[in-house]
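What follows is a set of notes on a single structure, which appears directly below.
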Amino acid sequence: MRTLLAKSDIRDASLADAGMRKIEWASAHMPVLRHIHDQFQQSKPFSGMRVAISLHLEAKTAYLGLVIQAGGAQVIMTGSNPLSTQDDVCAALVASGVVVYAMHNPTEQQYIASHHRALDAYPDLIIDDGGDLVALLHTTRTDALAHVRGGAEETTTGMMRLRALGKQLRFPMVAVNDAQCKYLFDNRYGTGQSVFDAINRTTNLVISGKTVVVVGYGWCGKGVAMRASGLGAHVIVTEIDPIKAIEAVMDGYAVMPMSDAVAQGDVFVTVTGNRDVITTAHMMGMKHGAILANAGHFDIEIDVASLRTIASVRTVRPLIDAYTLPNGKVVYVLADGRLVNLAAGDGHPVEIMDMTFALQALALQYVHEAHAALPREIVALPRAVDERVARYKLSTLGIAIDALTDVQKAYYAGALHDACQ
Ligand code: NAD
Ligand code: ADE
């Protein structure tokens, strides 16, 4: 049986004003999500529902939480990475009536406990970024499964974990990451810009003229390579997928194995969703002063754990650790190898997350309303929702597009095919 919610557990409630200013700035630049907010406020689609959200807890995410709250839900929020939570934003959320279990840089125990506490609420709906809530619900927290109608997943790594669960998945999860208005913009342009925002503000070094090695040429990697190139870098791509590798060649980048790239790179950015893509053996072959950053979901892409066992470490600037290797060379690791754009920055640009979080809000409404008819598996976000977000985004940008004429519709439908023979 569901009990009253336990009270929030955050670092410092007195930071609420600063957090609220950040949320106001974000929401002022999120017209699509604001529009959904106004609709939800009228129609209250989540009336009486408890919604548990595990996302990078910064201003844009906070606004998503408030939009779902405006839709009538009791919202419970926790972070999806120990370094991406912003304490002032948490304070503002609590002041606005959201229950928050999150703080910046918690211990591992505190981090895990915060996810348990979100599930102690016995939510009806969930939003996950990376699959931590779903993983708990299918292992140690099956007690909380009974209420869950469904949820939505934000990122590629979370989708991989959902696919790994396969038929064991106990409720429908909407694949927000796989919507076109998500990965074409968030993974590509969002990661591309925010990774360099974080690297630049952390290191204060120039990118132009340097060699940037992009590890993985998926949607995020394409964006990182594009922006590195735009900043004047020489770009090398490493891949394991032959098709992505040709794509990178055709896009104009050098492609080679990591074992060759190590000696050439000045800056390395991992975006694979895989583990150990940069090992200590690779690091031993790098130039003195090479900079290593990860933008993949988990902090296992660069093998920092093994690095700690062979190298001495000194923090040389906030979020920059200098590791002296056994061969005397130094490599710099940013943000402990955690996703750099959120651990050392504010995440993706606001206008990009306007689309992503509009999809999240509408995905949650969809799974809530359709859950009884949906299979207990990964569910695609309906194309109509994707298009609705795109059309609204265009209208907020003051951009009109053409529509098919009746003749064109008929031609597509094949009616004119015979007449043209
Ligand atoms: P994707 O599947 O489109 O691309 C990953 C690419 O990495 C693939 O092309 C794959 O072949 C390649 N790869 C796998 N192992 C490799 C290896 N050993 N060496 C070289 N390449 C390898 O995934 P994506 O959408 O680009 O996401 C990548 C990661 O970034 C995921 O963990 C995702 O969750 C995360 N992500 C982070 C942010 C962020 O804000 N930092 C945003 C979106 C996604
Ligand atoms: N801000 C909040 N969530 C984010 C995400 N998943 N990626 C980038 N920036 C974000």
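Because the structure is predicted, anything quoted here is derived from the model rather than measured. One-based numbering, in listed order, for ligands and for the atoms of each.
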Those atoms of ligand 2 less than 4.0 Å from some heavy atom in [X]:
{"X": "Asp129", "result": "6 (N)"}
{"X": "Glu154", "result": "5 (C), 6 (N)"}
{"X": "Gly347", "result": "9 (N)"}
{"X": "Phe357", "result": "2 (C), 3 (N)"}

More than 12 heavy atoms of other residues, nucleotides or ligands under 6.0 Å from CD1 of Ile243: is that the case? no
Closest candidate by heavy atom, reference atom 34 (O) of ligand 1, pool Thr155, Asp186, Val214: Thr155
Where the closest heavy atom to atom 1 (N) of ligand 2 is concerned, which of Glu58, His348, Lys182 has it? Glu58
Answer yes or no for Trp219: is there a heavy-atom contact with ligand 1 below 4.0 Å? yes
Which protein heavy atom lies closest to [atom], and at what distance to 0.1 Å?
{"atom": "atom 37 (C) of ligand 1", "result": "Ala295 O, 3.1 Å"}
{"atom": "atom 26 (O) of ligand 1", "result": "Cys220 N, 2.9 Å"}
{"atom": "atom 5 (C) of ligand 2", "result": "His56 CD2, 3.7 Å"}
{"atom": "atom 12 (C) of ligand 1", "result": "Glu239 OE2, 3.3 Å"}
{"atom": "atom 4 (C) of ligand 2", "result": "Met353 CE, 3.5 Å"}
{"atom": "atom 30 (O) of ligand 1", "result": "Gly296 CA, 3.6 Å"}
{"atom": "atom 19 (N) of ligand 1", "result": "Ile240 CG2, 3.9 Å"}
{"atom": "atom 4 (O) of ligand 1", "result": "Gly218 CA, 3.1 Å"}
{"atom": "atom 31 (C) of ligand 1", "result": "Thr157 OG1, 3.4 Å"}
{"atom": "atom 2 (O) of ligand 1", "result": "Thr156 CG2, 3.9 Å"}

Smallest separation among heavy atoms of [X] and [Y], with atom names:
{"X": "Ala290", "Y": "Phe268", "result": "CB-CE1, 4.1 Å"}
{"X": "Ser84", "Y": "His56", "result": "OG-ND1, 2.7 Å"}
{"X": "Gly97", "Y": "Gln74", "result": "O-NE2, 3.6 Å"}
{"X": "His348", "Y": "Ser194", "result": "ND1-OG, 3.1 Å"}

Out of all atoms in ligand 1, which are within 4.0 Å of some heavy atom of [X]? Include the element for each.
{"X": "Gly273", "answer": "29 (C), 31 (C), 32 (O)"}
{"X": "Asp241", "answer": "11 (O)"}
{"X": "Leu339", "answer": "41 (N)"}
{"X": "Val271", "answer": "5 (C), 28 (C)"}

For [X] and ligand 1, does the shortest N/O to N/O distance drop below 3.5 Å?
{"X": "Val215", "answer": "no"}
{"X": "Asn341", "answer": "yes"}
{"X": "Asn187", "answer": "yes"}

For Gln86 and Asp346, what are the C-alpha separation, side-chain angles and deciding distance, and is it a side chain to side chain donor-acceptor pair (under 3.5 Å)? CA-CA 9 Å; Gln86 299 187 11; Asp346 289 314; 2.9 Å; yes
Determine, step by step, whether Phe171 and His147 satisfy the ring-ring contact (aromatic ring centres under 6.0 Å, His included) criterion, reporting the C-alpha distance in whole Å, the side-chain angles of both residues, the deciding distance to 0.1 Å, and the verdict. CA-CA 10 Å; Phe171 45 82; His147 288 271; over 10 Å; no
Test: [X] and [Y] ion pair at under 4.0 Å:
{"X": "Arg11", "Y": "Asp87", "result": "yes"}
{"X": "Lys222", "Y": "Glu247", "result": "yes"}
{"X": "Asp178", "Y": "Lys182", "result": "no"}
{"X": "Lys7", "Y": "Asp9", "result": "no"}
{"X": "Arg141", "Y": "Asp120", "result": "yes"}

For ligand 1, is any non-hydrogen atom under 4.0 Å from [X]'s backbone (N, CA, C, O), its side chain (CB onward), both, or neither?
{"X": "His348", "result": "side chain"}
{"X": "His297", "result": "both"}
{"X": "Thr191", "result": "side chain"}
{"X": "Val277", "result": "side chain"}
{"X": "Thr272", "result": "both"}

What part of Thr155, side chain from CB on, backbone N/CA/C/O, both or neither, has a heavy atom under 4.0 Å from ligand 2? neither
Which bit of Leu342 gets closer than 4.0 Å to ligand 2, counting heavy atoms only: side chain, backbone, both or neither? side chain
Heavy-atom distance under 4.5 Å between the side chains of Met258 and Thr279, does that happen here? no
Flag side-chain contact, heavy atom, 4.5 Å: His297 against Asn81: no
Working for salt bridge (Lys or Arg N to Asp or Glu O under 4.0 Å), residues Asp336 and Arg308: CA-CA 11 Å; Asp336 267 341; Arg308 288 194 190 107; 3.8 Å; yes
Checking His116 side chain against Ile112 main chain: does a donor-acceptor pair fall under 3.5 Å? no
How long is the span from the OG1 atom in Thr270 to the CG atom in Asp276, to the nearest 0.5 Å? 11.0 Å
Give the C-alpha distance, both sets of side-chain angles, the deciding distance and a yes or no for side chain to side chain donor-acceptor pair (under 3.5 Å) between Asn177 and Asn187. CA-CA 9 Å; Asn177 180 71; Asn187 299 34; 3.3 Å; yes
